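Report on the following structure.
This one's a predicted model, so the numbers in the text were calculated from it and none came from an experiment. Residues take their numbers from the sequence shown, with the count starting at 1.
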Amino acid sequence: MGFIHPSVFVNTLTVVAGSTIGILIGKSIPDRFRSILFQAVGLTTVGIGVKMTLSTSSFIVVLLALASGALVGELVKLEDKIASIGRFSKDPKKFSAGFVAASTLFLVGPMTIIGSIQAGLINDGTLIYVKSTLDFISSIVLASLYGLGVLFSALAVFVVQGSLVLFASKLGFLTESAYLSNLTGVGGLIVVAIGIRLLELKDVKTGNLLPALAFSPLFDYLARVFKL
């Protein structure tokens with residue numbers, strides 16, 4: 001086990017900085033503009049999610065992971081637990097939605113997985129630095145709509161990316177195309193669900209879907225063992 005690469009700290013700080021700016025901006029946005037912004041971000045989020053989902057190599061693995069994750073998330077009431085973290089805020093439900101939306105967008109995808117493992121294995125944080133710039137811009141927009149939940153996602157960025165860097169030698173298999181494509185596909189469908197929620201088409205409990213990200217590599221491994 002090595003050390004946490006500086007790029008992880010930079011990424012965390014860019015999310016904090018972007019979120020802070022977004023929160024300050026958000027207070028001055030009139031409700032009618034906020035509404036159209038939600039729609040614009042929602043449509044963009046659906047587009048990002050669809051693009052991620054299309055990289056999937058096995059929809060059976062994605063379905064099994066998403067269904068298993070959803071059942072576990074519902075069983076432990078994960079979304080309610082996330083909302084309870086934000087009980088100090090005026091709107092815990094909004095806090096939870098913002099935290100899940102930001103954490104999923106910032107942490108699911110090739111740049112996070114490959115970038116963190118490269119940083120841990122060969123001390124190359126280039127991808128994470130590029131991702132930091134993107135996350136800075138995204139966090140401004142998301143925080144202007146969701147508020148504190150996006151700011152707290154910086155903690156998730158630090159913990160998840162830091163763990164990937166520290167255990168890079170054990171997690172290198174995640175960069176293999178089969179594992180990475182289906183993990184991205186599962187994340188993509190969660191992102192689509194976030195977009196649906198932003199567009200107020202249906203109040204999907206996206207927080208309860210997060211365990212699916214852990215099930216994806218497991219089902220991929222089983223599919224390889226049993227040659228499915």
Distance check, rounded to the nearest 0.5 Å: [X] atom [atom1] versus [Y] atom [atom2]?
{"X": "L189", "Y": "T206", "atom1": "CG", "atom2": "OG1", "answer": "13.0 Å"}
{"X": "L166", "Y": "I4", "atom1": "CG", "atom2": "CD1", "answer": "4.5 Å"}
{"X": "S96", "Y": "I85", "atom1": "OG", "atom2": "CD1", "answer": "8.5 Å"}
{"X": "L105", "Y": "S138", "atom1": "CG", "atom2": "OG", "answer": "7.0 Å"}
{"X": "I140", "Y": "L24", "atom1": "CD1", "atom2": "CG", "answer": "10.5 Å"}
{"X": "S144", "Y": "K27", "atom1": "OG", "atom2": "NZ", "answer": "13.0 Å"}

Are [Y] and [X] connected into the same hydrophobic cluster when the rule is that any two of I, L, V, M, F, W, Y join if their side-chain heavy atoms are below 4.5 Å apart?
{"X": "V130", "Y": "M52", "value": "yes"}
{"X": "F226", "Y": "V61", "value": "yes"}
{"X": "V100", "Y": "L75", "value": "no"}
{"X": "V160", "Y": "L209", "value": "yes"}
{"X": "Y179", "Y": "L63", "value": "no"}

Using a 3.5 Å cut-off and no angle test, enumerate the donor-acceptor pairs between side-chain atoms of residues 41-51 and protein atoms at least two apart in sequence or in another chain.
| unit_1 | atom_1 | unit_2 | atom_2 | d |
| --- | --- | --- | --- | --- |
| T44 | OG1 | A40 | O | 2.9 |
| T45 | OG1 | V41 | O | 2.6 |

Smallest separation among heavy atoms of [X] and [Y], with atom names:
{"X": "S116", "Y": "L164", "result": "CB-CB, 3.5 Å"}
{"X": "I82", "Y": "F99", "result": "CG2-CD2, 3.7 Å"}
{"X": "L66", "Y": "A212", "result": "CA-CB, 3.7 Å"}
{"X": "S132", "Y": "S7", "result": "OG-O, 4.3 Å"}
{"X": "P217", "Y": "L174", "result": "CG-CD2, 4.0 Å"}
{"X": "G98", "Y": "V150", "result": "O-CG2, 3.9 Å"}

Worksheet entry | Identified side-chain hydrogen bond (donor to acceptor under 3.5 Å, both in side chains) partner of N182 from the options S58, S57, S55, S177 | S57

Worksheet item: Going by the salt bridge (charged side-chain N to carboxylate O under 4.0 Å, His left out) test, which pairs reach into residues 152-179, not counting sequence neighbours?
Response: E176-R224

Fill in: T184 and T56: CA distance, side-chain angles, deciding distance, side chain to side chain contact (heavy atoms under 4.5 Å, CB included) verdict
CA-CA 7 Å; T184 302; T56 298; over 6 Å; no

Worksheet item: Would you call the rings of F9 and F158 parallel, tilted or perpendicular if under 30° counts as parallel and over 60° as perpendicular?
Response: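 The arrangement is tilted - the two ring planes meet at 30° to 60°.
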
So, the side chain of [X] versus the backbone of [Y]: is there a donor-acceptor pair under 3.5 Å, distance only?
{"X": "K94", "Y": "G149", "result": "no"}
{"X": "T104", "Y": "A101", "result": "no"}
{"X": "S35", "Y": "D31", "result": "no"}

Please examine the side chains of [Y] and [X], heavy atoms only from C-beta on, and report whether any two atoms are closer than 4.5 Å.
{"X": "L171", "Y": "F173", "answer": "yes"}
{"X": "S216", "Y": "V62", "answer": "no"}
{"X": "L151", "Y": "V16", "answer": "yes"}
{"X": "N11", "Y": "T14", "answer": "yes"}
{"X": "V225", "Y": "Y221", "answer": "yes"}
{"X": "Y146", "Y": "S19", "answer": "no"}
{"X": "I128", "Y": "H5", "answer": "no"}
{"X": "I190", "Y": "V108", "answer": "no"}

Fill in: Pair E79-N208, side-chain donor/acceptor within less than 3.5 Å
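Side chains of E79 and N208: no pair found under 3.5 Å.
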
Item to complete: Take M111 and D135 through the test side chain to side chain contact (heavy atoms under 4.5 Å, CB included) and record every step on the way to the result.
Response: CA-CA 11 Å; M111 290 187 79; D135 290 352; over 6 Å; no

Discussion item. Within the supplied structure, the quantity of interest is the number of heavy atoms (other residues, nucleotides, ligands) at a distance under 6.0 Å from I60 CD1; does it exceed 12?
Written reply: no

Discussion item. Is the distance between the ring centroids of F106 and F136 under 6.0 Å?
Written reply: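 Not close enough - the centres of the two rings lie 6.0 Å or further apart.
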
